[in-house]
Every structure is written in C-alpha cells, then in structure tokens.
Amino acid sequence: MIKELNHIGIVVESIDATMQTLTSIFGAKELDRKAFPDLGQTSSMVQLGNILLEIMEPIGTEGVVPKYLKQHGQGLHHISLLSENVHQEYLSIAEKGVRILGDSEGELHVIFTHPKDTNGVIFEITDIPFHKE
C-alpha cells in the first residue's frame, strides 16, 4: 500500500547551479549529496519546506541520468512513492500489465514503472524513506 510521497526526482545539468537557484528563490536546503559513478549520476537530496527533491546530475555519458538528460533535457524525472511493501506493489502493478524497471527482490527495495505504461511519468516505489530535518 502506498503511504505517501517520498520525493520528486529532477534531472539537471548542474546541481550547484540548481541549488543556487532553489536557495535564492525558495530558501531550499541541501541535506545530502552522493556520487554514484556506477549509475552515472550524483544525487542531492534537497528540502524545500516540507517537500523533498532529488536533484540528479550526470557523471559521464553512461547511465540513466546522462541518457535521460541527452534525450529529454532538464526537468522532472520521477515521482517517488513510499510503500509499506515494495514486493507487493511489484506484484500488483505487474499484474495490471505495467512494465517494471528494476527489481523488488534483494537489498535494493526500489522499483520504477515504465513511463510508457504510466502516461509519461516514471513512478519510483520504495520502502526506504529519506528523512527530512
């Protein structure tokens, strides 16, 4: 069962430039930043009031974020929903004919819907919340 919105993922060319804009306009606060070279991205978790954003910047040319940026440009990448049971969500969504990107088995605990099956929006479903301050 989906419990709540976890965060909104946005692909950008530069986390630093985006943070400068979000901070000066909205008073956003960066909570955490991590590089994931094997995924081809750096992610920054940003708090904007009671909303969490995941700002994603490409590392190199390989991986989901670099390819997404090249094909679609900067903007919304995914909406992350917090679930009580990712595996159950996986089964329920797959049963309805929605293609799943990722796997709910093992340690990952994250799945993504295929945007062609969800009206152009990628939904991330996870059971791992990112805690706001």
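Fair warning: this is a prediction, and the values are worked out from it, not measured in the lab.
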- Item | Hydrophobic cluster identity match, Val86 and Leu82, side-chain contacts under 4.5 Å | no
- Query: How about Ile93 and Ile125: do any of their side-chain heavy atoms sit closer than 4.5 Å?
  - Reply: yes
- When hydrophobic residues are tied together by side-chain contacts of less than 4.5 Å, even through go-betweens, does Ile8 share a cluster with Ile2? yes
- Given the rule that I, L, V, M, F, W and Y join up when any side-chain heavy atoms are under 4.5 Å apart, are Ile111 and Val64 in one cluster? no
- Query: Does Asp127 reach the main-chain N or O of Asn85 with its side chain, forming a donor-acceptor pair under 3.5 Å?
  - Reply: no
- Query: In terms of hydrophobic clustering (I, L, V, M, F, W, Y; side-chain heavy atoms under 4.5 Å; direct or indirect links), are Val12 and Leu48 co-clustered?
  - Reply: yes
- Message: Quick one: does any side-chain atom of Thr113 pair with a main-chain N or O of Ile122 as donor and acceptor, under 3.5 Å?
- Response: no
- Side-chain touch Glu13/Leu69, heavy atoms, less than 4.5 angstrom: yes
- Heavy-atom closest contact (Met56 atom, Ser43 atom, distance): CG-OG, 3.7 Å
- Task: To the nearest 0.5 Å, tell me how far Lys34 NZ sits from Thr42 OG1.
- Result: 12.0 Å
- Message: Looking at every non-hydrogen atom in both residues, tell me the closest pair between Met1 and Glu89 and how far apart they are.
- Response: N-OE2, 2.8 Å
- Which value, rounded to the nearest 0.5 Å, describes the distance between Glu124 atom CD and Leu101 atom CG? 11.5 Å
- Item | Parallel, tilted or perpendicular: ring planes of Tyr68 versus His72, cut at 30 and 60 degrees | tilted
- Roughly how far, to the nearest 0.5 Å, is OG of Ser80 from CD of Glu4? 10.0 Å
- Query: Looking only at heavy atoms, what is the nearest atom pair of Ile59 and Ala35, with distance?
  - Reply: CD1-CB, 4.1 Å
- Query: What about Leu5 and Ile10, same hydrophobic cluster or not, with Ile/Leu/Val/Met/Phe/Trp/Tyr joined at side-chain heavy-atom distances under 4.5 Å?
  - Reply: yes
- Task: Not counting sequence neighbours, list each pair that qualifies as a side chain to side chain donor-acceptor pair (under 3.5 Å) and has a residue in residues 15-28.
- Result: Asp16-Arg33
- Message: Would you say CG of Asn119 has more than 12 non-hydrogen atoms from neighbouring residues, nucleotides or ligands within 6.0 angstrom?
- Response: no
- Item | Inter-residue atom distance Lys96.NZ - Asp117.CG, 0.5 Å rounding | 13.0 Å
- What are the two closest heavy atoms between Met19 and Val46, and how far apart are they? SD-CG2, 3.3 Å
- side-chain contact (heavy atoms from CB on, under 4.5 Å) between Ile100 and Tyr90, intermediate numbers included: CA-CA 8 Å; Ile100 304 295; Tyr90 176 90; 3.6 Å; yes
- Message: Are His109 and His87 packed together at the side-chain level, in the sense that at least one heavy-atom pair is separated by less than 4.5 angstrom?
- Response: no
- Message: Between Glu30 and Ser44, do the side chains contain a donor N or O and an acceptor N or O under 3.5 Å apart?
- Response: yes
- Message: Rounded at 0.5 Å granularity, tell me how far CG in Leu22 sits from CD1 in Ile15.
- Response: 11.0 Å
- Item | Centroid-centroid distance, His78 to Phe123, less than 6.0 Å | no
- Looking only at non-hydrogen atoms, find the nearest pair between Ala17 and Ser14 and report the distance. N-OG, 3.1 Å
- Item | side-chain contact (heavy atoms from CB on, under 4.5 Å) between Gln41 and Glu57, intermediate numbers included | CA-CA 5 Å; Gln41 74 185 63; Glu57 170 186 286; over 6 Å; no
- Query: Nearest 0.5 Å, what's the CD1-NE2 distance between Ile55 and His7?
  - Reply: 10.0 Å
